[in-house]
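Note sheet for the following structure.
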Number of protein chains: 2
Amino acid sequence: MENNNHLKLESQICFKIYTVEREITKLYRNLLEDLDMTYPQYLVMLLLWEKDAMTVKQLGKRLFLDSGTLTPMLKRMEANGIIERRRSAEDERSVIISLTKKGDELKKKAECIPTQLVEDMSMNRNELTLLNDTLTDILTRLQNKK
Amino acid sequence: MENNNHLKLESQICFKIYTVEREITKLYRNLLEDLDMTYPQYLVMLLLWEKDAMTVKQLGKRLFLDSGTLTPMLKRMEANGIIERRRSAEDERSVIISLTKKGDELKKKAECIPTQLVEDMSMNRNELTLLNDTLTDILTRLQNKK
DNA sequence: TAGCATTTAATTGTACACAATTTAATTTTA
DNA sequence: TAAAATTAAATTGTGTACAATTAAATGCTA
C-alpha cells in the first residue's frame, strides 16, 4: 500500500519533469523568437558569451550533448550567421566554435531574458534555491549511475 | 548584484530541468528496452493500462501532446502490435486507441519499472514528495500563463 | 618508427516535439 | 436546413536527442 503510493509518485514526478521541461522550453521559445534561436542554441550562446571560442567537444561536455546533436545544430547557427566553425590549427580533429559580430551583439538583446523568465515562472528566491538544490542532488546521482 | 545571482540561478535551474529530464529519459530507455518502447510510448501505455480505449484527443489532453506528435507515435505503436487504432462509430472525427492482447500483456512485464526507477534515482519518500509539490506548483503557474 | 589505439567530428537512422496547415466530420446558427 | 464555425486527426516542415557507425587526426608503444 505505502509502497504502491511511492511508485505512483515516481511516475508522477518523472512525468512532471518531462512536462515542466517542455513548458519552460515553450516560454523560452516565445522569448527567443526575436533572437531567431532555439533554447538549445541559446545554451550554446550562453557559453560562448561567457567565453568565446570553444571546441565542439568542450561545448558538448558542458551541455551533455554529443556531436550527433551539436554538429547539425551548430551548422544551423552558422547558417544564421551567429557563429563560425573552423578546424583547429593545433589539432585538426577539433572544430572551434566562435561568435560572429552578429552573435556577439545578440548578447545585449538577450539580457532581458532571464528577468522575463523568472517573472513568467513567478517563483521567489527561496523556492528557486530549494529547487536548484534538489535538482543538483538528483542530477549528481543520475550522472554517477552510469 | 543580488539580482544578478537570481538570474544566474534561473539559467541554472532551467538548464538543470532540461538535463534532468534527459537523464531520466535515459534511465527509462534502459528499463524499457526489453519492452521495445520509448518513454513517451510508455506514458501512453500507462494511461491505457489504467483505462483502455481512449481517443487521441483524450490521450493528448492527459499528456499535453498534440496530434502532430501523437499520430506518428501511435502509428509506430500500432506497427509494433501493442495498440489498435480505429475510427469511432459515433463520431467519425475521433480515433479510438485500445490495447491489443500483446499490449495488455506487457503490463505485467512493466510492473517492475517504477521500483527500478526509484532505486536508480535513490530518493526517499520525503524528497520525492517535496519535489513533486514544487513541480506541481511550477507546472500550475506555467500552464496558467497562457 | 610503423602499427595499433584513442580521440574528435561527422554521418546515418530513428523518434519525439511542435507550429502551421489541411481534411473531414459534426455542430451551430442565420 | 444550408452555410458557417468548430472540432479531431492527419500532414508538412523544422529542430532537437541519441545510438551506432565512419573518417580522419593524433598518441602511444612494441
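Below, read A as the first sequence line, B as the second, and so on, with proteins coming before strands; counting in each chain starts at 1.
Summarising the geometry, the separation between CG on B:L63 and P on C:dC18 is reported as 11 Å, rounded to the nearest angstrom. Summarising the geometry, the separation between CD on B:E92 and P on C:dT27 is reported as 12 Å, rounded to the nearest angstrom. The nearest whole Å value for the distance from the CD atom in B:E21 to the C1' atom in C:dA15 is 13 Å. Atom CZ in A:R29 sits roughly 13 Å away from atom C1' in C:dA20 (whole-Å rounding). Rounded to whole Å, atom C1' of C:dG13 lies 14 Å from atom CG of A:D66. C:dA17 atom C1' lies 18 Å from atom OH of A:Y28, rounded to whole Å.
For DNA chain D, the residues of residues 68-81 of chain A within the heavy-atom distance limit of 4.0 Å (strictly under) are A:G68, A:T69, A:M73, A:R76, sorted by number.
Along DNA chain D, read 5' to 3', the first and last nucleotides having any atom under 4.0 Å from a heavy atom of chain B are D:dT7 to D:dA19.
As judged by a 4.0 angstrom heavy-atom cut-off over every strand, A:Q58 is placed among residues making no nucleic acid contact.
The aromatic rings of A:F64 and B:F15 sit parallel, their planes meeting at an angle under 30°, below the 60° perpendicular limit.
For B:D137, the side chain to side chain contact (heavy atoms under 4.5 Å, CB included) criterion is met by A:E127, B:R141, not counting sequence neighbours.
Sequence order on DNA chain D of the closest nucleotides to A:D91 and A:S67 puts A:S67 first from the 5' end. Ranked by how close their nearest DNA chain C nucleotide is to the 5' end, A:S94 and A:Y18 are led by A:S94.
The pair B:K101-B:E105 meets the salt-bridge criterion, since a charged nitrogen lies less than 4.0 angstrom from a carboxylate oxygen.
One side chain, A:T25 or A:E21, offers a donor N or O that lies under 3.5 Å from an acceptor on the other. Between the side chains of A:T136 and B:K16, a donor-acceptor pair is found at a separation under 3.5 Å.
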